[in-house]
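Throughout, a chain's letter reflects where its sequence line sits, starting with A, and its residues are numbered from 1. Quick caveat, the model's predicted, so the values are computed rather than measured. Values reported hereafter were calculated over all heavy atoms of this structure, with side chains retained and with hydrogens, waters and symmetry mates removed.
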2 protein chains.
Amino acid sequence: MAPTNPQPDTLREAQDRFIATWGQMGSAWGISRTMAEVHALLFIAGDPLCTDDVMDRLEISRGSASMSLRALVEWGVVSRAHKRGDRKEYFSADQDVWTLFRAVVRERMKREVDPLLASLFEIRDLTRGMGGDASEHNLRLDELLQFFEIVQAVGQRFISPNGEGLQAAAEILSKTSA
Amino acid sequence: MAPTNPQPDTLREAQDRFIATWGQMGSAWGISRTMAEVHALLFIAGDPLCTDDVMDRLEISRGSASMSLRALVEWGVVSRAHKRGDRKEYFSADQDVWTLFRAVVRERMKREVDPLLASLFEIRDLTRGMGGDASEHNLRLDELLQFFEIVQAVGQRFISPNGEGLQAAAEILSKTSA
DNA sequence: CGCTTCTTTCAATCATTTCTGAAAACCCTA
DNA sequence: TAGGGTTTTCAGAAATGATTGAAAGAAGCG
């Protein structure tokens, strides 16, 4: 029999499984499965791919590929690239995991934590200074506000240019025993 | 005109707005809106409520209330309570925000991070030691694995009995300027 | 026990999100 | 600026997820 090269198939299978895994992960996070899969593909492939590559590999429609890619670019985790003498647009995923994570945190803070804090402040102002049943209510709200202010502050530090420090902190926190 | 007491209405409006806000927050997190609203109601009301209280206040069906309550109990953020001489079951939300947060982290780690890590290990083993195109692939996977191992370690510390330490750490991290 | 009250379950329905595909818009190049 | 290749848009279709309500199942009480 002809000597077949098993490597490409194994690699492809590994990629496919990674894509599936990452896709599931994504849907647990409010990111649509397809969008997460597109990101997984770009990340694991390493080199830039064009829309058709993505469509073919993931078996999705052109519209879906276009929308997912655009969203990923907006999230700042994928960037556009061009190849000389080729009119197609190529896309590549940022390869640094911490950068990726920072982008996700930034985006989620903006969409979730900030508006939440704003609402909580408004709600607290409704009953501020009121006594009776409202005092306990106010206490609960204040505790919540305090908590989310901490979340926001930690998040800010994490995504800030010198958020590198927090990366180191996380690494240390994960190792120390006390 | 009769002197009306504006407080109850204001308090109720504040509660309603809190419930709505928390509900939205929940749906941004893969928790169904209703479930988040039920939690919000129990949290902000402070005292234990029975299924009918929840149904009436949120205008949801009995089935929905039952399912949401049960899920909240499973998450460990709500507990069952009984009143003497009353056959109904009452539910109350844990009032400590950090405890709540720890429960959420615990649950999400279990459902999301642990399986993800398991899959990533399996996927890496498929191509382990392979050269060629696979070497870069392996590098990417290793970086990802390293990252999620840190996430897991930090998470573990956070939810551990002496995770109090991490709470303090977060408070400090949020305040320090460097 | 049998009655009553309360809780859970689950198939059917409803609502929301996501995907498709074809048409419109875009943009090089000649 | 006409023509061919490429990308975006969006209305409708499909898939997924949540909710209802009624029936079955417990559990306390007399």
Among all residues two or more places apart in sequence or in another chain, which pass the salt bridge (Lys or Arg N to Asp or Glu O under 4.0 Å) test with A/E112? A/R108

Using the salt bridge (charged side-chain N to carboxylate O under 4.0 Å, His left out) rule, collect all pairs that involve residues 83-96 of chain B, keeping only residues at least two apart or in two chains. B/R80-B/E89

Pairs under 3.5 angstrom, nitrogen or oxygen only, protein versus nucleotides 1-3 of chain C, please.
none

Sequence neighbours excluded, every pair satisfying ring pair (Phe, Tyr, Trp, His ring centres under 6.0 Å) that has a member inside residues 53-75 of chain B: none

Scan nucleotides 20-30 of chain C nucleotide by nucleotide, 5' to 3', and note B when protein non-hydrogen atoms come under 4.0 Å of the base, S if they reach only the sugar-phosphate, - if neither. BB------B--

Residues 36-47 of chain B vs side-chain hydrogen bond (donor to acceptor under 3.5 Å, both in side chains), sequence neighbours excluded, gives B/W22-B/H39, B/R33-B/E37

Residues A/I123 and B/A14: closest non-hydrogen pair is CG2-O, 3.7 Å

Quick test of your reading: applying ring pair (Phe, Tyr, Trp, His ring centres under 6.0 Å), list the pairs with at least one residue in residues 81-112 of chain A, sequence neighbours left out, ordered by first then second residue. A/W98-B/F147, A/F101-A/F158, A/F101-B/F147

Taking CZ in B/R128 as the centre, count heavy atoms belonging to other residues, nucleotides or ligands within less than 6.0 Å. Is the count above 12? no

Give me the atom names and distance for the closest heavy-atom approach of B/A36 to B/G26. CB-CA, 3.8 Å

Can you hop from A/F121 to A/I150 via hydrophobic side chains spaced under 4.5 Å? yes

Compare side-chain N and O positions of B/S66 against OP1 and OP2 of C/dT7 and report whether any pair is under 4.0 Å apart. no

Please enumerate all residues that pass salt bridge (Lys or Arg N to Asp or Glu O under 4.0 Å) together with A/E136, with sequence neighbours excluded. A/R140

Closest heavy-atom pair, B/T51 versus B/A65, reported as atoms and distance to 0.1 Å, is CG2-CB, 3.9 Å

To the nearest Å, how far apart are A/D86 CG and D/dG4 C1'? 14 Å

In chain order, what residues pass the salt bridge (Lys or Arg N to Asp or Glu O under 4.0 Å) check against B/D16, with sequence neighbours excluded? B/R57

Does anything in residues 36-55 of chain A reach DNA chain D, meaning a heavy atom under 4.0 Å, and if so which residues? A/T51

For A/Q152, side-chain hydrogen bond (donor to acceptor under 3.5 Å, both in side chains) partners two or more places apart: A/D114

Enumerate the residues from residues 22-33 of chain A whose closest heavy atom to DNA chain C is under 4.0 Å, giving them by residue number; use none for an empty result. A/S32

